[in-house]
There are 2 protein chains.
Amino acid sequence: MTSALNATAASLLGFLHHGPMSGWDLAATAETVIGDFWSLTRSQVYRELASMADAGLVEAGERGRRDRQPYAITAAGRAAFAEWIDREPGSETIRFPLLLTVSFGRHLPPERLAAFLSAHRAAHEQRLAGYEQQRSLAEASGGADGYAMATLDFGLAYERAVLGWFDRLPELMPGG
Amino acid sequence: MTSALNATAASLLGFLHHGPMSGWDLAATAETVIGDFWSLTRSQVYRELASMADAGLVEAGERGRRDRQPYAITAAGRAAFAEWIDREPGSETIRFPLLLTVSFGRHLPPERLAAFLSAHRAAHEQRLAGYEQQRSLAEASGGADGYAMATLDFGLAYERAVLGWFDRLPELMPGG
DNA sequence: TAGAACATGTAACGGGTTACATGATTTG
DNA sequence: CAAATCATGTAACCCGTTACATGTTCTA
């Protein structure tokens with residue numbers, strides 16, 4: 001048994017269950033499907049694909065147009081994925097720079113802090129709008145994938161909670 | 001001008017504004033004050049202190065009991081911190097392994113997924129209870145630090161949103 | 001006096017991020 | 001034909017995490 005997969009590599013294997021894909025496509029798929037709660041870069045994708053190919057979990061196919069290099073999952077890859085997803089998922093990590101800024105807010109002029117907050121609030125409003133649009137589209141097209149709806153609903157709940165927090169801030173903070 | 005501080009190092013400088021502290025105390029303070037939205041380990045603390053001492057942002061004092069090594073912030077350190085906190089904070093990153101598991105839920109027997117979910121739900125209930133207790137204590141002791149209340153309120157809102165999501169899951173997911 | 005808690009640190013690894021370099025194909 | 005987009009990759013750095021090693025002081 002080889003050493004355990006990391007979640008990023010495992011996710012790529014997850015996507016490859018649908019059929020062979022190139023690094024570019026995998027990166028794009030990951031961005032749209034899991035990007036809201038699991039970030040990864042193209043660089044990582046190519047690195048993980050290379051290392052999984054070494055380990056026999058994926059196999060490179062013939063290069064196509066634009067030097068496009070498709071990878072297919074192998075039997076060993078399926079086994080490794082199955083092992084990975086059967087393990088207790090770890091708890092989430094959140095790294096929220098804005099909260100650090102708030103936490104050390106006494107070191108900042110109130111207007112400056114307020115400017116940061118309103119910029120971030122706007123960004124979260126946009127993210128919420130994006131999620132709502134996604135949900136509308138999913139509902140309209142009818143073919144509701146329950147698992148995707150579940151993660152989308154998390155995004156909606158999260159963004160609403162964040163916006164609610166922004167709204168309460170003036171009462172909570174000095175000089176609000 | 002030296003290269004920009006990372007948020008972890010900057011936070012240590014933030015704490016050192018209250019007076020000299022040892023690595024141990026800084027790690028403990030960080031865990032309680034910003035630990036809910038910014039994780040760091042003791043290892044990092046000692047590494048950042050060493051590198052900030054090299055850069056002249058902190059100064060090691062005389063060793064005390066138990067080989068305790070206090071660090072004090074320097075004028076350059078205050079300047080670096082001021083510069084750091086005046087910059088637009090980046091957007092948050094969330095890495096939520098459970099959502100990956102849900103996202104790839106079709107590859108898992110429903111009972112297994114349900115077990116993961118209920119374990120995580122329990123953990124979040126406990127975190128919410130912890131935050132509520134913190135708030136009670138803060139309110140009882142009267143001396144409400146608005147900035148701390150603001151970050152605590154975020155934690156409360158986040159955990160409530162997560163629990164709400166868990167509650168809606170059965171309706172969203174296949175075999176719920 | 002034994003064990004818990006305090007305290008400091010090093011070494012190594014894994015992986016996330018950024019920057020850079022290169023070329024193919026499509027589209028205006 | 002120029003610009004945009006698609007596509008692959010390498011190199012280097014930073015930093016988060018884990019494991020290990022060592023010694024001190026308090027307290028039951």
Side-chain angles (χ1 to χ4, degrees), chain A residues 2-13 20-32 34-35 37-55 58 60-71 84 90-97 100, chain B residues 2-13 15 20-32 34-55 58 60-71 84 90-97 100:
Chain A
T2 50
S3 66
L5 284 177
N6 66 57
T8 297
S11 299
L12 299 181
L13 289 180
M21 298 174 80
S22 68
W24 184 270
D25 288 341
L26 282 167
T29 302
E31 176 59 31
T32 63
I34 59 174
F37 48 87
W38 199 267
S39 72
L40 39 73
T41 60
R42 260 184 298 125
S43 241
Q44 266 176 287
V45 170
Y46 290 118
R47 185 160 64 187
E48 295 296 347
L49 282 173
S51 101
M52 289 195 292
D54 279 354
V58 297
E62 283 176 16
R63 286 189 183 265
R65 262 196 294 267
R66 283 179 172 177
D67 227 26
R68 187 186 171 77
Q69 169 90 70
Y71 285 87
W84 172 78
S91 59
E92 80 270 33
T93 51
I94 301 186
R95 312 201 105 213
F96 208 150
L100 285 181
Chain B
T2 49
S3 66
L5 283 178
N6 66 58
T8 298
S11 298
L12 299 181
L13 288 180
F15 295 129
M21 298 176 78
S22 68
W24 184 270
D25 287 341
L26 282 167
T29 301
E31 174 59 31
T32 63
I34 60 174
D36 297 324
F37 48 86
W38 199 265
S39 74
L40 40 72
T41 59
R42 259 183 298 124
S43 243
Q44 265 176 287
V45 171
Y46 289 118
R47 185 161 62 187
E48 295 295 348
L49 283 173
S51 100
M52 288 195 292
D54 279 355
V58 297
E62 283 176 16
R63 286 190 183 265
R65 261 195 294 267
R66 284 177 171 180
D67 226 24
R68 188 189 172 76
Q69 169 90 69
Y71 285 87
W84 172 79
S91 59
E92 80 269 35
T93 51
I94 301 188
R95 311 201 106 212
F96 207 150
L100 286 182

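The sequence lines fix the lettering, A, B, ..., with proteins before strands; numbering per chain opens at 1.
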### Task
For A/T8, answer base if it contacts any base atom (sugar-phosphate contacts may also be present), sugar-phosphate if it contacts only those atoms, and nothing otherwise; contact means non-hydrogen atoms under 4.0 Å.
sugar-phosphate
Does OP1 or OP2 of [N] have a side-chain N or O of [X] closer than 4.0 Å?
X	N	value
A/Y46	D/dT8	yes
A/R42	C/dC20	no
A/S39	C/dT17	yes

### Query
A/W38 or B/Y71: which one's nearest nucleotide on DNA chain C is closer to the 5' end?
B/Y71
### Task
Ignoring hydrogens and angles, answer whether the base of C/dT18 and the side-chain atoms of A/S43 contain a donor-acceptor pair closer than 3.5 Å.
yes
Take the protein atom [atom1] of [X] and the nucleotide atom [atom2] of [N], then report the distance between them rounded to whole Å.
X	N	atom1	atom2	value
A/M21	D/dA7	CE	P	11 Å
A/M52	D/dG9	CE	P	13 Å
B/L49	C/dT10	CG	P	12 Å
B/D67	C/dT10	CG	P	12 Å
B/L40	D/dT17	CG	C1'	12 Å
B/W24	C/dA7	CH2	C1'	6 Å
B/Q69	D/dT24	CD	P	16 Å
A/N6	D/dT18	CG	C1'	16 Å

### Query
Is there a side-chain contact (heavy atoms from CB on, under 4.5 Å) between B/L49 and B/L26 once you walk through the steps?
CA-CA 10 Å; B/L49 283 173; B/L26 282 167; 3.8 Å; yes
### Query
Mind checking what makes ring pair (Phe, Tyr, Trp, His ring centres under 6.0 Å) contact with B/F15, not counting sequence neighbours?
A/F104
Closest to side chain of [X], choosing from [options]:
X	options	answer
A/R47	C/dC6, C/dG9, D/dA12	D/dA12
B/T41	D/dT18, C/dG9, C/dT17	D/dT18
A/R63	D/dC15, D/dG9, C/dG15	D/dG9

#### Entry: For the student: nearest non-hydrogen atoms of B/V58 and B/Y71, plus distance
CG2-CD2, 3.8 Å
### Message
Is the shortest side-chain heavy-atom distance between B/T8 and A/R95 below 4.5 Å?
### Response
yes
### Query
Are the side chain of A/E92 and the backbone of B/P97 linked by a donor-acceptor contact shorter than 3.5 Å?
no
### Task
With DNA chain D as reference, determine whether A/R95 or A/A50 sits nearer its 5' end, using the nearest nucleotide of each.
A/A50
